[in-house]
Number of protein chains: 2
Amino acid sequence: MDIKIVDVAAKAGVSPATVSRVLNNNSNVTANTKEKVMKVIEELGYQPNAAAKNLRSQRSMIIGVIVPEINNSYYAEIIKGIENKAYAQKYKVIICDTGNNKEKELDFISLLMNKTADSMILVTPLLSDEELCHIADMSYLIGVVGRHIDHHNIPCVYTDNVKFSKDVVSHLVQQGHRKIAFLSGYADAVDSYERLEGYLKALREHHIPFHPELIENGDFSEKGGYEAIKRLVEKQADFTAVYAANDEMALGVYKACAELDIRIPDQLAVVGVDNNRISRYIQPKLSTVSQPKIKMGRAIVEKLIEQLEHGEPSQERVLVLDSELMIRESSLAPVPGPSGSSPVTPGS
Amino acid sequence: MDIKIVDVAAKAGVSPATVSRVLNNNSNVTANTKEKVMKVIEELGYQPNAAAKNLRSQRSMIIGVIVPEINNSYYAEIIKGIENKAYAQKYKVIICDTGNNKEKELDFISLLMNKTADSMILVTPLLSDEELCHIADMSYLIGVVGRHIDHHNIPCVYTDNVKFSKDVVSHLVQQGHRKIAFLSGYADAVDSYERLEGYLKALREHHIPFHPELIENGDFSEKGGYEAIKRLVEKQADFTAVYAANDEMALGVYKACAELDIRIPDQLAVVGVDNNRISRYIQPKLSTVSQPKIKMGRAIVEKLIEQLEHGEPSQERVLVLDSELMIRESSLAPVPGPSGSSPVTPGS
DNA sequence: GTGAAAGCGCTAACAC
DNA sequence: GTGTTAGCGCTTTCAC
């Protein structure tokens, strides 16, 4: 079978305790014995059994990460940031893909809380604030990315949805638009709510009346965006610009516009959020909001590990990172048509 | 502290062994006691300690996955397939991103072999066949995706590079092309080698002479493709079509063509491999080879778990999945110019 | 500075 | 069908 610590100890002529001390860089070992032990470890190719180590030390050096969709570039980038930082700190990362299923998310959480993972990162979880606080109250360490939670023991890293949404709408207004539609994500997602809030605040600041019929819900997917914009057009809503809650939905708008012969940005300006890689490659290039995804991943790991290893919450529990409005082609054009007419109605 | 199995046993008036039996669905328990125990488990919210369980049972229910780049849609999709299948079988997945660094890959392997993961999936590893066989010979179970390994105990799932490469070139030939360039990936990658092989075989079958100057190496990245095609153009190579070893490199070709005012597909036909999501969104839509990425992920997990749980290699150690040539716009056009002139030279 | 021994929480043989 | 008990392989007091 595998070689274990007693084997090393025997061959090196020391006790298992000493081998353990050498492995864990415990200072109370003579340079001499240390060298001796290291040599035997090398010779035998000894690798400490992780399961035994975990049981004894009560930690697994594993961080769990729960995301809605692994294969969505937004989450994939955050995961990359998390994984790279974790590796640098000698932690491993377990990935869980919920497929936007709340049951699965809860299942993953209980699956990892049993000492499988020392801590968990929830990326824009489907759970309510209360549910998240409840986990933290069981003195299990969790971190949240993409959302603010009001709990003294939950580190959060996110960008300011309200702020960048106002920036998006202000940009559109500066381009001359006043009839701006908003395509929301899941109705119950925090991001949807806050982006809508930013949209409304910007309208208000620019003294633009709010028209509820210019808001449609989607689900953050291309299909959702496609259907939402179609609904808008079908009910003959009057708008010259669209703020889509993310790039996926903006992609759906592109698709619908292609079918309906609506030209972007001449007849309709479009802005998304996330700066998905695709947004730079489609025609016209999509204006969007760039979030520091990798940095967000790194930051949350940093906070979590600090807390795991020093026992106390890191100085700044909450980190709000800047996002950047990337103005590209899809929102740069003279505002179409005279006020009152609806340039996006097909055939007009 | 956390509540443990003895606590449950005490409260239920049974022994720890019985609780364990109930938890592991061991049949030798009365329906009555089972119910009684379950109730207490429920009441106390008992969750078995994973570390202890792992140590005792010598398995962690964790599968390690090592990929070059998490945030590349090709790998992200494979990971999705792996994760979803693993979850369905009650396994968890640890993700390792090597960033195409062989040292890191080796480090991850030794990090996970210590009973941290019951098995590992290497997705197109940087290691040599010998190195992989060496791991398998230590009776540690590994699986490989995207590559064939000749070892009786290493399950492999991949698509036939040679076959689809021949299909790509044949398609180009059918479109009338005879001067076809090949942009390779890493010179030492198996995929590069095999795709080149398919390219050569197709040329031979169509009695097209092979011109070594039409081959350039890249590194599977957009930048690599960009630089490779630029080198081709600079040395005034004569070609009307390009087969790029993957979509990333094809994207680099698009970029270079935009700069050099070369129109795709009128002046240059382009085909890639991977069917990255972007390939459907760029203009013109990129012809490419679609690989069943999610299916590949599912398949390797299936084989691994079968072997883990039944001890013997699954019936079919090797699974070669079909890929599909997706003919889109980038390869559909009359062949440009008369034979002998080089239509891709800028300004010609 | 080093060794002996206890025990992390669970499962599986072996009794009964 | 259920209980008793002996470890899984490591770390960490506590002696010396």
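Since we're looking at a predicted model, the values are computed, not measured. So you know, we letter chains A, B, ... as the sequences are listed, proteins then strands, and number each from 1.
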message = Quick one: does any side-chain atom of B:Ser20 pair with a main-chain N or O of B:Pro16 as donor and acceptor, under 3.5 Å?
response = no
note = Rounded to whole Å, NZ of B:Lys53 lies from P of C:dG9 at a distance of 15 Å
task = Look at the side chain of B:Val29 and decide which nucleotide, out of D:dT13, D:dT11, D:dT2, has an atom nearest to it.
result = D:dT2
task = On DNA chain D, check which nucleotide each of A:Pro48 and B:Ser15 is closest to and give me the residue with the more 5' one.
result = B:Ser15
inquiry  = Any side-chain N or O of A:Ser57 below 4.0 angstrom from OP1/OP2 of D:dC10?
reply    = no
Under 4.0 angstrom between A:Asn24 side-chain N/O and D:dT11 OP1 or OP2 = yes
key: Pairwise distance NZ(A:Lys293) to CD1(A:Ile78) - rounded to 0.5 angstrom   = 8.0 Å
message = Rounding to an integer number of Å, can you tell me how far A:Glu35 CD sits from C:dG1 P?
response = 17 Å
task = Name the closest nucleotide to the B:Lys4 side chain, picking from D:dC10, C:dA4, C:dG9.
result = C:dG9
remark   = Rounding to the nearest 10°, end axes of the helix from C:dG1-D:dC16 to C:dC16-D:dG1 built from five pairs each make an angle of 30°
Any B:Thr18 side-chain N or O less than 4.0 Å from OP1/OP2 of D:dG3 = yes
inquiry  = Considering every strand and a 4.0 Å limit on heavy-atom distances, what is the contact class for A:Val6: base, sugar-phosphate, or nothing?
reply    = nothing
message = It should be established whether A:Thr33 places a side-chain nitrogen or oxygen under 4.0 Å from OP1 or OP2 of nucleotide C:dG1.
response = no
ask   = Given atom CG of A:Asn28 and atom P of D:dT13, what is their separation to the nearest angstrom?
value = 12 Å
Heavy-atom pair of closest approach, residues A:Cys133 and A:Asp150 = SG-O, 4.3 Å
key: Integer-rounded Å distance: C:dG7 P and B:Asn49 CG   = 17 Å
ask   = Does atom NZ of B:Lys295 have more than 12 heavy-atom neighbours from other groups under 6.0 Å away?
value = no
ask   = Does a donor on one side chain and an acceptor on the other come within less than 3.5 Å for A:Asn153 and A:Gln307?
value = yes
remark   = For A:Asp118 and A:Arg59 the tightest heavy-atom approach is OD1-CA, 3.3 Å
ask   = Within this structure, what is the CD1-to-P distance between B:Ile5 and C:dA12, rounded to whole angstrom?
value = 11 Å
query = Think B:Tyr46 has a side-chain N or O under 4.0 angstrom from the OP1 or OP2 of C:dC10?
reply = yes
request  = Check if the side chain of B:Arg56 and the base of D:dG9 share a donor-acceptor pair of N or O atoms closer than 3.5 Å.
outcome  = no
ask   = Which whole-number value in Å describes the distance from B:Met113 CE to D:dG9 P?
value = 16 Å
B:Glu316 with B:Lys303: basic N within carboxylate O range, under 4.0 Å = no
query = Quick one: is D:dG9 close enough that its OP1 or OP2 comes under 4.0 Å of any side-chain N or O from B:Gln58?
reply = yes
message = Could you tell me how far apart A:Leu55 (CG) and C:dC8 (C1') are, to the nearest whole angstrom?
response = 4 Å
query = Counting side-chain heavy atoms from CB outward, which of C:dG1, D:dC10, C:dG9 is closest to A:Thr30?
reply = C:dG1
request  = Would you mind reading off the distance between B:Asn54 atom CG and D:dC8 atom P, rounded to a whole angstrom?
outcome  = 16 Å
message = As a test of reading the structure: which of C:dT11, D:dG9, C:dT2 is closest to the side chain of B:Pro16, going by heavy atoms?
response = C:dT11
inquiry  = Which label fits B:Phe108 and A:Tyr87: parallel for a plane angle under 30°, tilted from 30 to 60°, or perpendicular past 60°?
reply    = tilted
